[in-house]
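Each remark here refers to the structure printed beneath this line.
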2 protein chains.
Amino acid sequence: MEGQCSTVLVTGGAGYAGSHTVLVLLQWGYQVVVVDNCTNCAAPTAPDALPPSLLQVKDICQKAPVFYQAALDDGPALLSIFKKHKIDAVIHFAALKAVGESVQKPLMYYHNNLLATISLLEAMEAAGVRRLVFSSSATVYGIPQYLPIDEDHPVGQSITNPYGHTKHMCEQILRDIVQSNNDWKVILLRYFNPVGAHESGKMGEDPIGVPNNLMPFIAQVAVGRREKLSIFGNDFDTDDGTGVRDYIHVMDLAEGHVSTLRRLLSDDFRGCRAYNLGTGVGVSVMQMLQAFQKSCGRSLPYEVVARRAGDCARMLASCTRARTELGWTATRTLQDMCDDTWRWQSSHPNGYATS
Amino acid sequence: MEGQCSTVLVTGGAGYAGSHTVLVLLQWGYQVVVVDNCTNCAAPTAPDALPPSLLQVKDICQKAPVFYQAALDDGPALLSIFKKHKIDAVIHFAALKAVGESVQKPLMYYHNNLLATISLLEAMEAAGVRRLVFSSSATVYGIPQYLPIDEDHPVGQSITNPYGHTKHMCEQILRDIVQSNNDWKVILLRYFNPVGAHESGKMGEDPIGVPNNLMPFIAQVAVGRREKLSIFGNDFDTDDGTGVRDYIHVMDLAEGHVSTLRRLLSDDFRGCRAYNLGTGVGVSVMQMLQAFQKSCGRSLPYEVVARRAGDCARMLASCTRARTELGWTATRTLQDMCDDTWRWQSSHPNGYATS
């Protein structure tokens, strides 16, 4: 663990990807300031307390971030945070991310994801902090035109939901800002499918309501919170007919952010650059289910239902650019992802509410 | 002039396209409520007074809109306006629109154009007003893939400036909202190049600072406010080498909005539909200059300078859809555009400040 003297502001730092990244940042010696409104994660149980996810971070690494419960579109609150701390860079996780919900409530998604980002950028500009890591998504690629998808794949075409549009729009806004002022330095991280949990079993994904994604759904079936898994289509053009995705362990993702930050803070970094964070390995729904059954030691009920609108057969990242330019590569296996998820879910059947 | 009992809220109604549209709406018997923050047009000279452009409207048609000087991102102000008036539909002009400035100050453009639109939509949703005409732009087509450009031409690709991106993003937001709730009915109007002035000479374009567009620049040269016209490139692949655009008389544009509104308010209109507003006639910079010289009766100095980044040789609208579905077509000629601009500019050398 090398010492660092940089201070990083992490928006959405109490959430799933955010909290795991905060942990790794602290372990690497960064000073961390978290801003989260806690609308989509467990909130602190007392004023001035940390939210449960960050209490676990503290428990694991014996260090804690500074925490502010604030909304990003509260400009004055944000500015006062930038005044109180000498921030070197921002990692911007905060966003709503449920694809299906975004189709139902697009205005809520545009409000949250766009306004928060614009407001954050204004505060950064006012504070003279112009280095940003942005949590984007493979969704910006739309329906893949070729596989594996590299960072030069067209973006913005055939995106099938407002969530994806918000990510693409934020990327565009950031590109334009860098174009207008080369003091700005931005890295766009396009996540494929983050899953898994910290290997301690103390932290993990804790979705509110019905999970939108495969892994937390399987985990909740395994722990008895859901009756059975719904598999959306088994007639795709894949080996077993179920959809193939590129799953990445959340701890690999977190480590990817530290590598990214190091690149962003290096003297020679310029402009705005996108990187895929994935493994390059395709995993089908059935393969994931089988791996998870191995982790939890029992067979899990499922049914095959209709495809969801907008789902494609296969998504797969090319991770060459991140490997060569960031010096980062994912190291954890599918079985690690399932084992770690099961360790977290079985010890926390109701997520952080169990703690 | 047929009687109408509908009430229309017009955002940006004190601006160039907005004020001419307000005039035509009033003449057709609509009740009009204008919301404008007057940051980009002449403001009222006294509290509770109309801004100069709307004083001229009143002078011409002996009717006046209700006027509120307010910013669209002021949600409570907007909601109180929706409570005070029974609004049937909204025409949303309000936006920053200087292409070059948007490249310099992208965050200002994203803030203004996106936040204003999202805030307006939230107020409309809260008030149960779900019919909207949106001022979009031919810019959303990017560099034309074919000519004339019809409404099925791809959008969002190769847009060369943040202004164009804001228009494309707002279109996407509106499409998603209509998709999520079919009570919403939206018409996107993609303007080509609005020029000209009301034939009375009492109203016209009154740009703040250096004009961004050709016609007001020519007019200011003609009236002596600018030394000479800069022509950005004469080596394009066009007949005379200068760029060709589809100019539309602002009164044709205004009448197009009334036809659009009638369609939007009809019982059988559903969904979200885009229409080009143009003439389908291409006019080069040299042709425009010659026509204007005829209007003002003298030859105007110009110099040819380098092309601007992002400028293409030709843009031209297909106006078939507006003709067949809205029953609207532009009727005014290039000479009308120049004559009317000159009437306005020569009697108001300093715009509304002359009045």
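We use all heavy atoms of the structure for the numbers below, so side chains are in, but hydrogens, waters and symmetry mates are not.
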Sort Gln172(B) into side chain, backbone, both or neither according to what part of it lies under 4.5 angstrom from a heavy atom of chain A. both

Whatever's closer than 4.5 Å to a heavy atom in chain B on Glu122(A) counts as both

Looking at Phe236(B), I'd like to know if the NZ or CZ of Arg307(B) sits under 6.0 Å from its six-membered ring centre while staying within 45 degrees of the ring's axis. yes

Does any heavy atom of chain B fall under 4.5 Å from the side chain of Leu121(A), the backbone, both, or neither of them? both

Ignoring hydrogens and angles, tell me if any N or O in the side chain of Gln145(B) forms a donor-acceptor pair with the backbone of Pro154(B) under 3.5 Å. no

Flag the one option from Leu107(B), Val103(B), Asp176(B) with the top tally of heavy-atom pairs under 4.5 Å to chain A. Asp176(B)

Among the options Gln104(B), Gln157(B), Met169(B), Gln179(B), pick out the one with the most heavy-atom pairs lying under 4.5 Å from chain A. Met169(B)

Does the structure place the NZ or CZ of Arg308(A) under 6.0 Å from the centre of the six-membered ring of Phe232(A), at an angle of no more than 45° from the ring's axis? yes

Residue Leu114(B) versus chain A: region with a heavy atom under 4.5 Å: side chain

Measuring from Ile177(B):CD1 to Lys185(B):NZ, what's the distance to the nearest 0.5 Å? 16.0 Å

Ring centre gap for His168(B) and Tyr141(B) strictly below 6.0 Å: no

Looking only at side-chain N and O atoms, does His92(A) offer a donor or acceptor that is under 3.5 Å from a partner on Thr11(A)? yes

Contact class of His165(A) relative to chain B, heavy atoms under 4.5 angstrom: side chain

